[in-house]
Undergrad: 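My questions all concern the structure below.
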Amino acid sequence: MLCKYKDKIHLCMIIVLFLQLLSRTAAQSCAKSCGEKFTTCSCHATCESLKDCCADYKQFCLDIEPHSGSLLGGTDFKILNVTFEQNINLTCRFNSEILTEGYVDVSGVGHCISPLLYESGWIPFEVSTDGVNYDRAGRWLSVHHSKLGPVYKIVLVNATQWQYYGTPNVSGDLKMIWIPSLIKAERVNIELWGYNETGESYSANWEAEWKYLYTVGRDVPNSGLFSFTPQIAEKPYFLWDLGSMRVSPSSKQDGAQDVNALWSGAYAIAWHLEEAFRKDSAGWALKKCINWDKEEKAMPNFLTEITDCPCTLAQARADTGRFHTDYGCDIEAGSFCVYHPGAVHCVRAIQGSPEYGAGQQCCYDSTGAQVLTGDSIGGSTPDRGHDWGAPPYKKPPRVPAFSHWKYDVISFYYCCLWSDNCKYYFTHRPSSDCRTYRPPRAAAVLGDPHFMTFDGVTFTFNGKGEYSLVHSSAYELSVQGRTEPMKSENGSVVMATRLCSVAMREKDSDIIEVRLGDQVDELQVLMNQQVLSFSEQKWIDLKGVFVFSPKPTNVTVMFPSGTGVEVRAGGGVMTLTVLLPHDLHNHTQGLLGTMNDDPEDEFTSSNGVIIPSNSSAQDIFTYCAGWAITNETSLFTYDSTHLLNEYYYAPKHDPSFIPNFSMTEDPEDPLLEPTLNLCAGEGASFCKYDALSMRSLQQGNATLLSYRSHTSTKKALEPVQSCGWLPPPNHGQKEGTFYLEGATVTFSCNSGYRLYGSQERTCQGDGMWSGQDTHCVADNTLAIVLGSLGAVLAVVVMVIAIVVYTKKQKKEAMKQQDMVTYQQHASRL
């Protein structure tokens with residue numbers, strides 16, 4: 001009886017403690033506390049997977065749909081998992097300063113309208129239900145307008161007609177289309193807005209301006225289609241030649257900002273320009289071009305600080321840490337290169353230049369050679385305003401897309417498209433060649449797992465834990481890798497590991513982690529321990545880093561230093577490639593080695609001890625274990641019980657996991673013969689190890705393909721020698737637009753001219769052209785020159801003859817004098 005009584009007391013105590021704990025948990029609120037971790041519950045993004053969220057987490061830490069839209073604003077997004085009362089004053093505040101009106105629909109779902117922003121990337125927002133207390137928080141992804149899919153913006157049907165309207169033979173009605181459901185109204189207004197940048201360039205008062213100009217169509221049905229016959233605008237509206245169309249509810253005032261709306265991309269507003277443009281578009285454009293030329297001459301020269309282009313298309317596509325596809329000329333999309341005829345692919349430098357935020361563009365032809373403006377109107381052109389903008393954005397010339405249109409695109413219309421005066425444009429936007437370009441160095445981790453260092457050393461390390469792959473104190477760069485035991489096809493644990501997560505950061509950037517997801521060959525990306533979704537956008541601008549994920553198996557991370565990190569999933573494993581610019585030469589350490597062109601010191605420990613590169617597998621294993629990180633230096637997310645137990649509370653290198661250091665090739669093994677047939681050539685040893693250890697030909701093949709892919713990348717990034725662009729001679733031509741080592745350029749002259757100098761010049765290994773500079777000289781000029789040379793030569797000959805004759809006469813006179821003197825002396829004797 002006493003025992004039963006004690007049991008009841010214990011049960012009561014447990015119930016009381018549980019109720020107290022539940023009470024304390026309920027008392028904790030996520031209002032104004034999103035991202036916080038309390039002792040009893042959490043408002044951090046990891047709380048859902050760890051199952052320790054505070055009770056009101058979803059009420060105050062908001063999920064939204066859609067989560068992204070144009071930086072021009074106007075997107076209506078709804079707040080999920082929260083029901084609001086109908087009569088509340090719902091207000092949304094972005095970046096702690098920009099207010100927009102929200103509303104509650106008939107279902108009790110709250111909605112916000114995204115505002116006009118002059119920046120891209122994640123924008124924090126807060127929500128208030130009384131206009132005073134902003135206690136709910138979320139984040140909104142502001143997107144470069146041209147990177148939006150066509151369903152999220154107005155599409156100008158026949159964009160060429162829109163932008164050439166008023167030039168010879170271009171007229172008729174203009175048509176635009178959109179998705180009607182994205183505007184929450186039955187009737188809409190069609191508006192024209194203009195873009196400009198005002199104030200003194202590169203000063204504190206330089207500002208971006210979007211201005212409502214006028215309404216083209218008022219109170220028209222929201223059918224998703226509108227057409228009109230353009231009319232010349234009144235002054236001062238026709239002075240605006242750059243802008244966008246907007247569709248917004250007709251219930252809103254003309255030009256109302258931050259209302260539900262759709263926008264077209266920026267374009268040249270040719271159709272409303274003044275009468276002078278329609279009468280003589282080329283003459284009008286020439287005046288604009290000359291005026292732009294004067295403005296450019298008065299602005300700072302940004303060309304000296306932009307990076308040089310890669311020398312070849314292969315380099316440009318492989319250098320993913322510094323260059324990315326220009327979607328206006330993409331070989332993967334059919335090479336529809338409107339502004340670069342003759343090119344098949346262009347890339348842009350990812351980072352803006354240090355001081356001016358300028359951009360670089362590099363275009364290539366079907367042979368892989370760089371297309372230069374000195375040879376073609378389709379050549380590569382640098383940009384005063386980077387097309388993708390440059391952090392911190394917001395102010396000129398760093399506003400994404402629109403600063404680029406203002407300084408680099410509309411001027412191209414003036415000088416090259418609406419008139420034939422590209423010489424003005426290319427004076428200020430000449431192609432950069434590749435004479436100073438230095439390709440990055442590549443290192444890789446593949447299979448289960450095999451390492452290929454920056455200096456070309458290969459080895460296998462099958463430890464279990466978390467390790468430093470690349471660390472640079474000078475650039476505050478850290479790339480870390482987590483490994484886990486592999487499982488065979490029947491589910492049993494294999495004594496080998498695979499790379500399962502990579503975490504990275506540069507300086508004070510957001511921390512990016514890429515890890516294997518729940519689905520086979522699917523990657524999950526986290527930013528500061530919060531999962532990123534790429535369902536709506538493939539490119540995301542973050543703090544101090546860009547992330548690109550075109551599909552669930554591919555992720556590329558790009559840092560300001562030019563470091564690129566590529567992660568690929570395939571065959572059940574993760575493959576990592578790290579690309580480092582030459583600036584990090586001799587500034588790296590970690591499992592991927594010391595990048596200094598010396599393979600002998602590749603196995604250098606964190607305390608400077610070097611082991612030989614031909615060390616045994618066991619010694620290399622011990623060396624690699626020394627690169628285990630600590631919880632204090634870890635960049636990883638621990639958002640599950642498994643990760644906490646296996647990696648956070650456990651040793652960072654698991655000493656109990658001892659892998660197979662080699663695989664025995666047993667002639668009786670039925671898998672051996674197909675493995676040997678599969679694993680041939682470069683990468684064969686890695687292929688055999690993985691196929692036999694995993695008992696899987698598929699695994700071996702995946703490793704072999706990854707190895708060959710890395711080899712191809714290294715080959716594409718091999719340095720090449722450029723001699724620089726050669727101009728044709730005046731009054732002549734040249735044949736050849738390839739300027740790398742071994743290339744030959746030949747010259748010829750127009751009729752009536754003769755070639756002087758080298759007719760053929762070859763790019764040599766020292767970066768110098770063979771031969772002499774080439775000139776074309778007119779025949780009559782040559783005759784005059786030769787005649788003049790003949791006359792001069794005759795005079796010279798005469799002078800020489802006179803001098804020689806004079807000297808001869810003097811000698812004769814001296815002889816005569818000597819003879820007389822001798823005779824006189826003899827007569828005395």
Side-chain angles (χ1 to χ4, degrees), residues 314 318 442-453 456-464 481 483-500 502 516-517 519-523 551-555 566-578 591-592 613-614 616-618 620-621 624 657-718:
V445 182
L446 51 91
D448 61 344
H450 311 289
F451 291 73
M452 306 171 74
T453 73
V457 174
T458 61
F459 64 95
T460 298
F461 171 57
N462 272 297
K464 177 202 167 189
T483 60
E484 65 181 7
M486 295 277 280
K487 292 184 178 181
S488 64
E489 293 178 348
N490 62 14
S492 61
V493 175
V494 178
M495 298 313 291
T497 58
R498 66 177 179 179
L499 191 66
C500 62
V502 181
L516 291 173
Q519 302 299 318
V520 176
D521 293 341
E522 178 187 71
L523 296 173
K551 51 186 178 181
T553 58
N554 290 16
V555 176
E566 297 180 356
V567 185
R568 305 288 183 260
V573 297
M574 174 187 286
T575 298
L576 169 72
T577 300
V578 181
L591 289 181
L592 290 177
S613 58
N614 61 350
S616 67
Q618 290 88 340
I620 292 175
F621 181 85
C624 292
F657 187 87
I658 306 299
N660 294 323
F661 292 108
S662 62
M663 295 304 301
T664 302
E665 297 182 10
D666 184 359
E668 302 299 322
D669 185 352
L671 192 62
L672 180 60
E673 183 176 352
T675 295
L676 295 178
N677 291 335
L678 170 68
C679 302
E682 290 188 350
S685 61
F686 291 166
C687 173
K688 286 189 291 185
Y689 181 95
D690 290 5
L692 295 175
S693 64
M694 293 297 299
R695 311 302 300 164
S696 169
L697 291 175
Q698 180 184 4
Q699 185 65 60
N701 187 55
T703 297
L704 188 63
L705 293 176
S706 295
Y707 183 95
R708 290 174 178 172
S709 175
H710 178 69
T711 302
S712 296
T713 297
K714 290 187 68 175
K715 182 175 178 59
L717 292 173
E718 289 178 355

Undergrad: Keeping to residues at least two apart or across chains, list the salt bridge (Lys or Arg N to Asp or Glu O under 4.0 Å) pairs with something in residues 700-714.
TA: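 Of all non-adjacent pairs touching residues 700-714, none passes salt bridge (Lys or Arg N to Asp or Glu O under 4.0 Å).
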
Undergrad: Within this structure, what is the CG-CE distance for the pair L672 and M663, rounded to the nearest 0.5 Å?
TA: 10.5 Å

Undergrad: Give the minimum heavy-atom separation between G572 and D521, together with the two atoms involved.
TA: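 Nearest heavy atoms, G572 then D521: N-OD1, 2.8 Å.
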
Undergrad: For S706, is there any backbone N or O sitting under 3.5 Å from a side-chain donor or acceptor partner on R568?
TA: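 A pair under 3.5 Å: no.
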
Undergrad: Quick check: do T575 and E566 have side-chain heavy atoms less than 4.5 Å from each other?
TA: no

Undergrad: Determine whether M486 and M495 make a side-chain contact, defined as any pair of heavy atoms from C-beta on separated by less than 4.5 Å.
TA: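 Heavy-atom side-chain distance check fails, nothing below 4.5 Å.
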
Undergrad: Check the surroundings of atom CD in E522: do more than 12 heavy atoms from other residues, nucleotides or ligands lie under 6.0 Å from it?
TA: yes

Undergrad: side-chain contact (heavy atoms from CB on, under 4.5 Å) between L592 and F451: does it pass, once the steps are laid out?
TA: CA-CA 7 Å; L592 290 177; F451 291 73; 4.0 Å; yes

Undergrad: In this structure, are over 12 heavy atoms from other groups packed under 6.0 Å from E673 atom CD?
TA: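 Atom CD in E673 is not packed in, count stays at 12 or less.
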
Undergrad: When you compare the side chain of N701 with that of L697, does any pair of heavy atoms fall below 4.5 Å?
TA: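 Side-chain contact under 4.5 Å: no.
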
Undergrad: Using side-chain heavy atoms (C-beta onward) and a distance below 4.5 Å, is L499 in contact with V573?
TA: no

Undergrad: Would you name the heavy atoms of G571 and A702 that are closest together and state the gap between them?
TA: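 Closest approach of G571 to A702, heavy atoms only: CA-CB, 4.1 Å.
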
Undergrad: Check whether any side-chain heavy atom of S616 sits under 4.5 Å from a side-chain heavy atom of F621, and report yes or no.
TA: no

Undergrad: Indicate yes or no: at least one non-hydrogen side-chain atom of R498 is less than 4.5 angstrom from one of M574.
TA: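 No, their side chains stay 4.5 Å or more apart.
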
Undergrad: Would you call K464-E484 a salt bridge at under 4.0 Å N-O?
TA: no

Undergrad: Looking only at heavy atoms, which two atoms of A318 and L717 are closest? And how far apart?
TA: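 Between these two residues, the closest heavy atoms are CB-CD2, 3.7 Å.
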
Undergrad: Under a 3.5 Å distance rule, please check whether T497 uses its side chain to pair with a backbone N or O of G463 as donor and acceptor.
TA: yes

Undergrad: Considering non-hydrogen atoms only, spot the tightest contact between L671 and T675 and give its length.
TA: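 Looks like O-OG1, 2.7 Å.
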
Undergrad: Is the backbone of L705 close enough, under 3.5 Å, to the side chain of S709 for a donor and an acceptor to pair up by distance?
TA: no

Undergrad: Got a sec, which residues hit side chain to side chain donor-acceptor pair (under 3.5 Å) with T483, two or more places apart in sequence or on another chain?
TA: none

Undergrad: Side-chain contact, heavy-atom cut-off 4.5 Å: T453 with F459?
TA: yes

Undergrad: Hey, can you pull the donor-acceptor pairs under 3.5 Å for the side chains in residues 679-695, sequence neighbours left out?
TA:
residue, atom, partner, partner atom, Å
K688, NZ, E665, OE2, 3.3
Y689, OH, N462, ND2, 3.0
Y689, OH, N660, O, 2.6
D690, OD1, H450, NE2, 2.7
D690, OD2, H450, NE2, 3.2
D690, OD2, T703, OG1, 2.5
S693, OG, D448, OD2, 3.4
S693, OG, Y689, O, 2.7
S693, OG, D690, O, 3.4
R695, NH1, D669, OD2, 2.8
R695, NH2, D669, OD1, 2.7
R695, NH2, D669, OD2, 3.3

